[in-house]
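Working notes for the structure below.
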Amino acid sequence: MPVISVPQAFNEDELYVDLRSTFGRSLFLKCEGFNFAGSIKLKAATEMVEAAERDGVLTPGSVLVESSSGNLGVALSMIAASKGYRFLCVTDSRCNLSTRRMMEALGSQVHIIAEPDANGGLLGARINYIRGLCASDDRYVWLNQYTNPGNWQAHYRRTAPAIVRQFPRLDVLFVGAGTTGTLMGCARFLREWHRPVRIIAVDAAGSVTFGGAPGRRMIPGLGMSVRPPMLDESYVDEVVRVEEPDTVRACHRLARRGFLFGGSTGTVVSGAMGWLAQHEARELTAVAIAPDLGERYLDTIYQTNWLEDLYGGDVLSSDELTAGSRASLTRATGAVTGTLVT
Ligand SMILES: Cc1ncc(COP(=O)(O)O)c(C=O)c1O
């Protein structure tokens, strides 16, 4: 029976969903959403805060500030509340309302950037705002998840070892790429492991992380509008890019089986299933990482009007939601609409 006195002390690290019955192919989905912050970002937040305390950068009276599309903000809000620090989260208009409310409920301040910087990016504008704050008052401590080694070290120390404990014959690991902290931490650990493992990065179409033209991205979590400073592509064997409608379809397909996951999980699962189908990889032991759960996306990915406005009325009108492997699917011709597909 786990008994805790600080919220960051609990994290379920041993739970996997076998997706064979949902997608017709075996893929073990590591669920990272079962902790009090509700996402994988708890690990990065804990590691970065503890390192800043050890280094004497973070002291009583400091004000933590961070740029986050949401989940790191929630994790830092929780840790800041638990440890008695103030925290200001700088996010942008794509941050879900419920995520923002959660941060505020935990006592944090949230600043929303609505105007992109001169290069057209909201992320650049968020960073510029933080730089201005830090220059104006030295009580601000910016952990900077984009460059902080604690971000990837958390996954090197915890996430990847937890996976190989359960899957000693692991062949392929699918990891979504945001800051690339999860990707780099897992990839570095597995490079040193006794058995070769293929590392497949999954990115959102429209992200510039692995090159390519920037494009509209509405689902937070994965993808960047600037190249992530932490990324070392020599650790990545392949990159799979996923269009947002495919992300949405994978999320809804999981939800139809009772598994309500977040947007980036849909991206990773869609990318992984496509890769496994292409590689005829039925014998491989494959794991994918699910960064969070679905409650934070009820007003977006799981809301018919939001989907129709962004992706058109037929985004869910594929038989992909019902049966069969992704590779063998054709578009439905019947008049199925919205989330009423059965
Ligand atoms: C929901 C979700 N998925 C994926 C990621 C990406 O993780 P990383 O920043 O380690 O690449 C994040 C990061 O914020 C996230 O919030």
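We count ligands from 1, going down the list as the structure has it; atoms in each ligand are counted the same way. Residues take their numbers from the sequence shown, with the count starting at 1. All values below come from the heavy atoms of this structure, side chains included, with hydrogens, waters and symmetry mates left out. Note that the structure is predicted; figures quoted are calculated from it, not measured.
- Proximity of Gln145 to ligand 1, defined as any heavy-atom pair under 4.0 Å, is not found for any part of the residue.
- No N or O atom of Asn151 sits closer than 3.5 Å to an N or O atom of ligand 1.
- Using a 4.5 Å heavy-atom threshold, the side chains of Ile289 and Cys186 count as touching.
- Closest to atom 14 (O) of ligand 1, if we only count protein heavy atoms, is Lys41 CE, 2.8 Å.
- Contacts between Phe261 and ligand 1 below 4.0 angstrom, taking non-hydrogen atoms only, are absent altogether.
- Members clustered with Val3: Met1, by chain and number, using a 4.5 Å side-chain heavy-atom cutoff among hydrophobic residues.
- Taking a cut-off of under 4.0 Å to the non-hydrogen atoms of Tyr297, the atoms of ligand 1 that pass are 1 (C).
- Annotation for Phe259: atom CZ does not count as buried by contact number, only 12 or fewer foreign heavy atoms lying within 6.0 Å.
- Counting only non-hydrogen atoms, the option in Asn71, Val74, Thr179 that gets closest to atom 16 (O) of ligand 1 is Asn71.
- Of the candidates Ser264, Gly70, Pro220, the one placing a heavy atom closest to atom 3 (N) of ligand 1 is Ser264.
- Residue contact check for ligand 1: Asp292 places a non-hydrogen atom closer than 4.0 Å to it.
- Classification of Arg126 and Asp117 as a salt-bridged pair fails, no side-chain N sitting under 4.0 Å from a carboxylate O.
- Under a 4.0 Å N-O distance rule, the pair Arg216/Glu244 does not qualify as a salt bridge.
- Looking at Gly221, Ala201, Gly178, Cys186, it is Gly221 that brings a heavy atom closest to atom 5 (C) of ligand 1.
- Residues forming a side-chain contact (heavy atoms from CB on, under 4.5 Å) with Ser207 (at least two apart in sequence, or on another chain): Asp203, Thr209, Arg217.
- Residue Thr182 has at least one N or O atom closer than 3.5 Å to an N or O atom of ligand 1.
- At a threshold of 4.0 Å, the pair Glu233-Arg227 counts as salt-bridged, since one of the basic side-chain nitrogens sits closer than that to a carboxylate oxygen.
- Note on ligand 1: Leu183 sits outside its first shell, no heavy atom being nearer than 4.0 Å.
- Atom CZ of Phe36 sits in a sparse spot, with 12 or fewer heavy atoms from other residues, nucleotides or ligands closer than 6.0 Å.
- Only the side chain of Leu222 comes within 4.0 Å of ligand 1, counting heavy atoms alone; its backbone N, CA, C and O stay farther away.
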